[in-house]
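Since the structure comes first, as structure tokens, the remarks are kept for the end.
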Amino acid sequence: MTLSTPADAQRAATVDKQNITRLIVATSVGNALEWYDISVYAYFAVYLSKAFFPANDPTTSLLLTFGTFGLSFMIRPLGGVLLGAYADRHGRKASLMLSIVLMTFGTLALAVMPTYQSIGIVAPIAVILARLVQGFSAGGEFGSSTAFLVEHMPERRGFVASWQFASQGVSGLLGAGFGALLTTVMSPDDLQSWGWRLPFLFGVLIGPVGIYIRNHVDDATPPPATKQESPVVELFTRQKLATILAIGALAVSTAVNYLIVYMPTYVVQKLHMAPSVGFVASLVAQTAVAILAPIAGLVSDRIGRTTHMIIFALLLLVSIFPAFLLLTGNPTPMIVLLGVLWLGMLKSLYYGPLAALMSELFPPATRATGLGLSYNIGVTVFGGMGPAIMTWMGLFAPIGDLAPGYYLTAVCILSLCTLFTIRRMRLA
């Protein structure tokens with residue numbers, strides 16, 4: 001495990017600093033598309049459940065929708081390994097181009113998919129296949145794009161890598177914005193009939209822009225000139241600990257992220273409030289992510305990753321249950337807004353240095369593969385299945401509406417233990 005190499009510094013000296021904005025945009029646009037598609041699917045889960053997964057019981061229909069949401073994450077580790085190994089062998093740019101093309105096709109399929117009423121059982125099967133394509137492509141996105149960024153500017157890893165998560169905030173902001181707008185200006189019948197397709201169609205437009213931009217950037221780390229040992233073999237034989245630690249550090253941030261995505265459903269199903277309340281709360285929280293993540297990444301370049309992240313993980317730990325007790329005890333729109341905003345701010349400040357910390361756990365030869373695998377296992381286990389787990393936990397009377405609080409507390413403790421381990425072993 002290496003933090004940086006002389007070659008990293010030498011490459012950084014040759015990079016034109018005026019191009020850093022173009023590099024950030026080139027990587028962030030694909031990451032934003034990935035998370036935009038994810039957030040839109042979750043934000044509009046209530047409408048998708050009726051369009052593609054109809055059932056006599058609305059809760060069953062919603063569980064099927066979120067189950068499909070989680071299922072698409074099961075293929076992400078495979079995408080992370082295969083596309084990450086492709087990036088380590090053939091260059092970051094080649095992998096980034098492939099992932100954004102696949103992602104765009106998956107979004108287009110969802111946007112134009114006929115409903116269950118039109119084509120029967122073919123509809124949910126086709127939705128699952130489209131989500132699997134998206135999951136595979138998204139699996140390779142984070143590892144390749146993070147490696148691409150930190151290798152262009154290793155002396156400012158925290159700042160440049162934080163844009164991976166800031167772009168997620170922008171995409172979540174767009175998704176929640178669509179939700180708030182459409183639930184306000186459209187009738188429920190029109191929204192259920194065709195309005196939910198509009199945000200997916202908008203997502204399709206992002207793809208060609210990202211493809212064009214990515215085609216005009218170059219790798220900082222060229223592909224190896226000679227044949228080397230498979231990065232996958234290297235990862236599983238010598239870097240298992242780094243992979244486990246990266247997953248643990250990621251756990252709480254992805255869990256909170258999917259809580260924010262789950263919020264529009266939570267306020268309707270559990271708090272019995274208008275869906276627009278959840279969309280506005282998510283919108284405000286995602287705004288915090290977009291603004292605060294780069295600031296947190298910049299601070300971590302000065303004081304260290306683990307020091308910064310431990311502070312905000314502890315604040316999250318002591319904030320989770322009070323926030324949900326407040327939400328369930330006094331569910332007014334303002335309380336929902338403030339509670340979600342507070343959790344979103346803490347998550348943003350934890351999130352900022354995370355991509356840089358994870359990249360520092362892996363050497364350049366396996367960086368994209370290691371990042372892709374650890375990130376996607378963490379997102380799948382603690383994030384993608386989060387809404388389904390919280391919905392299922394909420395069915396039990398002793399837990400009920402506090403299900404997200406129990407879930408997030410457990411995951412937060414796991415991440416804190418991981419960060420203390422990384423700090424003690426001086427790995428990042």
| note | Residue set satisfying side-chain contact (heavy atoms from CB on, under 4.5 Å) with I125, at least two apart, ordered chain then number -> I121, L129
| task | Using the six-membered ring wherever Trp is involved, compare the ring planes of F44 and Y47 and label them parallel, tilted or perpendicular (cut-offs 30° and 60°). | result | tilted
| task | Output yes when a side-chain donor or acceptor of T409 lies under 3.5 Å from a complementary backbone atom of Y406, and no otherwise. | result | no
| message | On a heavy-atom basis, which atom in A249 and which in Y350 lie closest, and how many Å separate them? | response | O-OH, 2.6 Å
| field | With sequence neighbours excluded, residues passing side chain to side chain donor-acceptor pair (under 3.5 Å) with S415 | value | none
| said: Return the CG to CZ distance between L191 and R197, rounded to the nearest 0.5 Å. | reply: 12.0 Å
| Note, V340 side chain near V284 side chain (heavy atom, < 4.5 Å) | no
| task | Side-chain contact test, heavy atoms from C-beta onward, threshold under 4.5 Å: evaluate it for Y351 versus V256 and give yes or no. | result | no
| said: side-chain contact (heavy atoms from CB on, under 4.5 Å) for I75 and R131? Distances and angles first, verdict last. | reply: CA-CA 10 Å; I75 200 171; R131 292 292 298 164; over 6 Å; no
| message | Could you report the tightest heavy-atom contact between P294 and V289, atom names first, then the distance? | response | CD-O, 4.2 Å
| Spacing of T369 atom OG1 and R89 atom CZ [to the nearest 0.5 Å] | 9.0 Å
| note | Sequence neighbours excluded, the answer for side chain to side chain donor-acceptor pair (under 3.5 Å) partners of T332 is none
| request: Kindly state each residue pair satisfying salt bridge (charged side-chain N to carboxylate O under 4.0 Å, His left out) with at least one member in residues 292-301, sequence neighbours excluded. | output: D301-R305
| remark: CE of M186 to CD of Q192, rounded to nearest 0.5 Å, is 10.5 Å
| request: Over all heavy atoms of both residues, which pair between L373 and V81 is shortest? Give the atoms and the distance, please. | output: CD1-CG2, 3.3 Å
| remark: Closest non-hydrogen atoms of A87 and S95, given as atom of the first, atom of the second and distance, are CB-CB, 3.6 Å
| query | If only atom types and distance count, is the side chain of Y36 paired as donor or acceptor with the main-chain N or O of P199 below 3.5 Å? | reply | yes
| request: Could you give me the CA-CA distance, side-chain angles and deciding distance for F200 and F178, then say whether side-chain contact (heavy atoms from CB on, under 4.5 Å) is met? | output: CA-CA 10 Å; F200 287 100; F178 263 111; over 6 Å; no
| message | Tell me if a side-chain donor or acceptor on R76 pairs with a main-chain N or O of G135 at a distance below 3.5 Å. | response | no
| request: With rounding to the nearest 0.5 Å, note down the distance linking OG1 in T104 to CG in L205. | output: 10.0 Å
| task | Decide side-chain contact (heavy atoms from CB on, under 4.5 Å) for T243 and F362; before the verdict, give the C-alpha distance in whole Å, the side-chain angles of both, and the deciding distance to 0.1 Å. | result | CA-CA 8 Å; T243 304; F362 302 98; 3.8 Å; yes
| request: Of all the heavy-atom pairs spanning A296 and P353, show the shortest one and how long it is. | output: O-CG, 3.9 Å
| field | Validation row: V252, L414 side chains within 4.5 angstrom (heavy atoms) | value | no
| So how far is it from R157 CZ to S359 OG, rounded to the nearest 0.5 Å? | 5.0 Å
| Approximate separation, where rounding is to 0.5 Å, of E151 CD and L149 CG | 9.5 Å
| message | side-chain contact (heavy atoms from CB on, under 4.5 Å), that's the test. Do L83 and F136 meet it? Break it down for me. | response | CA-CA 9 Å; L83 291 177; F136 180 86; 4.1 Å; yes
| said: With a 3.5 Å distance limit and no angle check, can you tell me whether S137 reaches the backbone of Q134 through a side-chain donor-acceptor pair? | reply: yes
| message | Is a donor from one side chain sitting under 3.5 angstrom from an acceptor on the other, for R367 and T146? | response | no
| Which residue pairs pass the salt bridge (charged side-chain N to carboxylate O under 4.0 Å, His left out) test when at least one of the two sits in residues 183-193, sequence neighbours left out? | none
| Nearest heavy-atom neighbours spanning S374 and M358 | OG-CE, 3.6 Å
Hey, can you pull the donor-acceptor pairs under 3.5 Å for the side chains in residues 308-326, sequence neighbours left out?
| unit_1 | atom_1 | unit_2 | atom_2 | d |
| --- | --- | --- | --- | --- |
| H308 | NE2 | L349 | O | 2.7 |
| S319 | OG | L315 | O | 2.6 |
| S319 | OG | W342 | NE1 | 3.0 |

